[in-house]
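Keep in mind it's a predicted model, so treat the numbers as computed, not measured. The chain is numbered in sequence order, starting from 1.
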Amino acid sequence: MLDLHGLAVGGNITDSLLELQHLNYLDLSDNSFYGNPFPSFVGSLRKLRYLSLSNNGLIGRLSYQLGNLSSLQSLDLSYNFDVSFESLDWLSRLSFLEHLHLTGNHLTQASDWIQVVNKLPRLKDLQLSDCSLLSIVPPALSFVNSSRSLAILDLSFNHLSSSIVPWLPNSSDSLVDLDLSANQLQGSIPDAFGKMTSLTNLHLADNQLEGGIPRSFGGMCSLRELDLSPNNLSGPLPRSIRNMHGCVENSLKSLQLRDNQLHGSLPDFTRFSSVTELDISHNKLNGSLPKRFRQRSELVSLNLSDNQLTGSLPDVTMLSSLREFLIYNNRLDGNASESIGSLSQLEKLNVGRNSLQGIGLSHNSLVLKFTYDWAPPFLLNYLYLSSCNLGPHFPQWLRNQNNLWVLDISGTRISDTIPNWFWDLSNSSLTLLNFSHNNMRGMLPYLSSKYAEIVGVDLSSNQFEGPLPTFPLQTIALDLSNYVFRANCAICKIAGPELISLDLSENLLSGNLPNCLIPFDGLAFLDLAHNNFSGRIPRSLGSLSMLRTLNLRNHSFSRRLPLSLKKCTDLMFLDLSINKLHGKIPAWMGESLLSLKFLFLQSNEFHGSIPSHFCRLRHIKILNLSLNNISGIIPKCLNNYTAMIQKGELTDINSGKLGLGQPGQHVNKAWVEWKGRQYEYVRSLGLFRIIDFAGNKLTGEIPEEITSLLQLVAMNLSGNNLTGGIPLKIGQLKQLESLDLSGNQLSGVIPSSTASLSFLSYLNLSYNNLSGKIPSGTQLQSFNASAFAGNLALCGLPVTHKCPGDEATPRPLANDDNQGNETVVDEFRRWFYTALGIGFGVFFWGVSGALLLKRSWRHAYFRFLDEAWDWIYVKIAVQKARLQHIYQRLLS
């Protein structure tokens with residue numbers, strides 16, 4: 001036996017192992033053989049019964065000599081991504097194999113995997129998760145010749161379709177665990193699963209299954225876990241729950257139905273006497289909750305969030321084991337049940353985003369009033385009270401909450417100092433703390449000696465004062481923005497090297513920015529905007545190689561940018577606007593900072609031309625160089641900005657955002673000139689595509705290549721010395737909402753394609769030398785004439801100057817010939833309508849008169865009507881019966 005599992009052994013796996021001819025157990029898993037070839041000689045160790053080479057990063061072709069290990073009972077080759085598995089035929093020679101794990105390998109070329117598995121009669125455990133398997137099941141293939149003892153089958157995270165279901169051992173009494181999650185199963189849930197009576201765990205999550213839960217599931221007496229989320233299940237939830245009537249009610253422990261399309265009211269689920277976890281969140285439940293539950297339940301976790309449930313919270317006395325109760329983002333109203341106070345084991349409660357009265361959690365805007373000496377009967381781990389009205393005093397009932405991990409009382413209208421007892425809570429394991437957007441005041445203690453396990457703190461937008469506090473060494477995220485902190489020297493000691501995100505924006509920090517940031521080598525987000533630092537930007541910022549966001553907006557920084565910043569190659573957001581930086585715009589930005597998405601250099605003293613290297617910033621989405629002294633031409637290579645050609649995604653908004661619930665969360669925010677005004681944008685920032693070169697000394701023509709930026713939403717080139725005409729293809733910028741070309745020397749006509757800019761809501765072409773007629777179109781004519789002012793040769797609406805030929809042409813007087821023609825037309829109309837009336841009368845009375853006067857015709861006519869009606873009635877009745885039969889069969 002040789003077990004070297006997880007010992008970080010490296011180098012090559014040498015053939016010296018062949019000397020161990022009697023070796024029957026070899027485990028080399030979880031070591032450091034990355035990049036080394038697969039050891040083909042292992043196939044010569046014929047006495048092996050157990051072999052594990054998993055998670056080693058081996059490369060090369062799989063040795064078919066493994067088929068010589070005829071005594072092998074367990075084989076684990078998982079997570080060797082770069083090993084080539086061209087065929088698995090060699091496995092068919094391992095007739096004693098009981099455990100086969102190939103998870104995390106690429107078996108796309110091994111199209112024979114099903115046939116091979118069918119030849120392993122003793123197989124008990126088969127794990128082929130994340131192997132890129134395709135559905136290539138031959139129609140006649142079944143489990144007839146395969147193992148009768150297969151207990152665990154994991155085929156999750158592949159590309160299998162519903163054609164795999166007939167291959168499954170649906171009559172087997174041995175299968176216990178079946179995982180087909182994250183495949184491409186479609187249609188209704190097959191009844192075949194309900195026949196697998198020995199199943200304990202059935203995972204069908206993340207497929208495209210439809211309909212409801214089959215009735216056959218009610219007879220799965222061993223089933224403990226059923227995961228059907230997310231899928232496309234639909235129909236009333238009560239019907240699906242009724243279909244599970246049977247012995248499964250006594251065995252089921254976990255039912256996962258989240259992210260489906262189920263609707264209706266919530267049935268009483270306490271008849272599932274053993275269920276401990278129930279998740280029906282993110283559906284379309286639109287009924288009411290039961291007023292009370294009939295029997296006591298073992299339920300520990302209940303998630304009903306993100307539905308459309310109405311009414312009030314139920315009596316939860318029967319759910320005394322609940323530790324997690326989530327029902328936020330519904331339409332609940334009325335008073336919360338007092339029975340919540342009886343849940344002595346409750347650790348996490350969230351009923352936010354409802355309209356409850358009396359008690360509530362995040363985003364309810366509720367008033368919470370408790371007696372001064374009230375002591376909650378439960379000890380929570382998570383408490384979210386954001387946006388509730390707790391104030392004006394700090395809540396005293398938190399005094400006994402010693403088990404809190406997360407505390408969020410942001411925006412709760414507290415205007416008080418934080419009592420000393422809060423900082424001294426015994427046995428506290430607080431890791432995330434959010435007191436932001438209140439009116440808390442006073443000085444903060446040195447938190448480095450308090451809450452030793454805290455990793456994320458948000459104290460922003462309060463009235464704390466005094467020196468910057470220090471925090472524990474393992475702190476990851478700090479948001480102390482919008483305070484009145486003054487002492488900038490404490491930045492160097494504010495936290496330890498684990499710090500990822502630091503936001504000190506909108507304080508009163510001044511003087512030189514300390515050159516001491518080297519210890520924070522893991523810092524990814526640094527926001528110091530809107531303070532009053534001056535002098536040089538310190539070179540030590542260049543040592544922050546992990547930096548992704550740097551915001552130094554609105555300071556008094558001067559001199560040139562430090563060359564060391566070129567080392568911050570992961571920078572995605574850089575805002576140096578409103579400073580006194582000068583010199584040429586560094587070309588190294590376009591050479592080294594190739595990950596930049598947002599670059600703000602406006603309102604500085606940069607001069608020279610726009611570096612041609614800027615054309616390499618393919619990911620740039622907002623480029624603002626306005627209000628500098630930049631000269632030269634606009635580069636023609638702007639069409640290299642591929643991010644301005646592709647549609648924006650919400651994932652681009654935050655540069656790797658982390659935060660409360662995800663420690664280290666940081667939201668990039670920036671001031672953007674939008675439609676002639678300045679706005680601060682936060683969460684929608686990543687959707688913008690903006691070029692702003694306004695207020696410089698640029699010359700030459702507007703390059704035609706700029707019209708290739710199809711997702712551009714705003715372009716401002718105003719206040720320069722640009723000449724030539726407006727690009728003829730500007731109409732290609734279909735997403736353009738704001739266009740400002742004012743204050744230049746542009747000439748020629750306004751291109752007709754401008755009228756097709758249907759999203760354009762702000763336009764300024766004033767004070768140029770444009771001429772000709774303003775193109776007709778509701779878009780351009782809707783703007784005020786001031787958008788075209790100062791172009792004296794322009795004509796047509798909306799300006800008052802009319803174009804030649806626009807004068808109204810008088811209508812010619814009708815002559816005698818026209819009057820004669822009109823008389824003929826009127827005479828024809830009179831005779832036409834007269835003839836139409838006479839014809840209708842003759843036809844109606846001709847048919848009706850014949851029926852009245854001739855009895856045989858009258859009888860034949862009414863008999864025809866009766867037979868026609870009988871025929872229609874029979875057809876409808878037959879069709880209705882057939883549909884009812886189909887419907888009943890579907891229900892069964």
Atom pair CG/CG of L48 and L26 - distance to nearest 0.5 Å: 6.0 Å

Let me see the working for Y50 and N24 under side chain to side chain contact (heavy atoms under 4.5 Å, CB included), right down to the final yes or no. CA-CA 6 Å; Y50 181 95; N24 60 15; over 6 Å; no

Taking atom types as modelled, is there a side-chain donor on H203 or D177 under 3.5 Å from an acceptor on the other? no

Judged by modelled atom types alone, do D279 and S281 share a side-chain donor-acceptor pair under 3.5 Å? yes

When rounded to the nearest 0.5 Å, the distance separating CD1 of I189 from OG of S240 is 7.5 Å

Do D76 and S29 come within less than 4.5 Å of each other through their side chains, counting heavy atoms only? no

Taking all heavy atoms of R61 and all of V83, pick out the closest pair and write down the distance. C-CG1, 4.4 Å

Supply the atom-to-atom distance L134 CG to W113 CH2, rounded to the nearest 0.5 angstrom. 10.0 Å

What pair of heavy atoms forms the shortest contact from S222 to S198, and how long is it? CB-O, 4.0 Å

Could you tell me which non-hydrogen atom of G542 sits nearest to which non-hydrogen atom of C568, and how far apart they are? CA-SG, 4.0 Å

Test side-chain hydrogen bond (donor to acceptor under 3.5 Å, both in side chains) on N55 and D30; report intermediate values, then the result. CA-CA 5 Å; N55 199 22; D30 296 309; 2.6 Å; yes

Under 3.5 Å, is there a donor-acceptor pair between the Q186 and Q208 side chains? yes

Kindly give the heavy-atom pair with the smallest separation between F157 and S129, and that separation in Å. CD1-OG, 4.0 Å

Which of parallel (below 30°), tilted (30 to 60°) and perpendicular (above 60°) describes F193 and F217? perpendicular

Just by distance, no angles: are the side chains of S78 and N80 close enough, under 3.5 Å, to form a donor-acceptor pair? no

Run L257 and I213 through side chain to side chain contact (heavy atoms under 4.5 Å, CB included) and show every step you take. CA-CA 10 Å; L257 296 173; I213 300 175; 4.2 Å; yes

Shortest non-hydrogen contact from H159 to N183? N-OD1, 3.4 Å

Do you know which of L433, L383, N434 makes side-chain contact (heavy atoms from CB on, under 4.5 Å) with D408? N434

May I ask you to check whether S216 and D191 show a side-chain donor-acceptor distance below 3.5 Å? yes

Do F85 and T108 make a side-chain contact, defined as non-hydrogen atoms from C-beta onward lying under 4.5 Å apart? no

Using side-chain heavy atoms (C-beta onward) and a distance below 4.5 Å, is L199 in contact with N201? no

From I280 atom CD1 to R258 atom CZ, the distance as rounded to the nearest 0.5 Å: 13.0 Å

In sequence, state the C-alpha distance, the side-chain angles, and the governing distance for L526 and T549, and then conclude on side chain to side chain contact (heavy atoms under 4.5 Å, CB included). CA-CA 6 Å; L526 178 59; T549 289; over 6 Å; no

For W90, look at atom CH2 and say whether over 12 heavy atoms of other residues, nucleotides or ligands are found less than 6.0 Å away. yes

Just to verify, which of L66, L77, D27, N31 counts as forming a side-chain contact (heavy atoms from CB on, under 4.5 Å) with L53? L77

Can you check whether I500 reaches F525 side chain to side chain, under 4.5 Å on heavy atoms? yes

Please determine whether side-chain hydrogen bond (donor to acceptor under 3.5 Å, both in side chains) holds for the pair D154 and S156, giving the CA-CA distance in whole Å, both sets of side-chain angles, and the decisive distance to 0.1 Å. CA-CA 6 Å; D154 187 352; S156 59; 2.7 Å; yes

Flag the pair L302 / L326 as yes when at least one side-chain heavy-atom distance between them is below 4.5 Å, and no otherwise. no

R93 atom CZ: more than 12 heavy-atom contacts under 6.0 Å: yes

Might you point out which heavy atoms bring L45 and L69 nearest each other, and give the distance in Å? O-CD2, 3.0 Å

Once you round to the nearest 0.5 Å, how far does OG of S301 lie from CD of E324? 4.0 Å

D521 CG to L523 CG distance, which is reported to the nearest 0.5 Å: 9.5 Å

Quiz question: by atom type and distance under 3.5 Å, do the side chains of E210 and Q261 form a donor-acceptor pair? no

Side-chain contact, heavy-atom cut-off 4.5 Å: F520 with I494? yes

Apply the test side-chain hydrogen bond (donor to acceptor under 3.5 Å, both in side chains) to residues Q256 and E277: give CA-CA distance (whole Å), side-chain angles for both, the deciding distance (0.1 Å), then the verdict. CA-CA 8 Å; Q256 303 288 329; E277 184 177 4; 3.1 Å; yes

Taking atom types as modelled, find out whether N231 and N207 have a side-chain donor-acceptor pair closer than 3.5 angstrom. no

Report yes if the side chains of D179 and L153 come closer than 4.5 Å at any heavy-atom pair, otherwise no. no

Just by distance, with hydrogens left out, do D125 and Q127 show a side-chain donor and acceptor under 3.5 Å apart? yes

Would a 4.5 Å heavy-atom cut-off, applied to side chains only, mark L185 and L204 as touching? yes

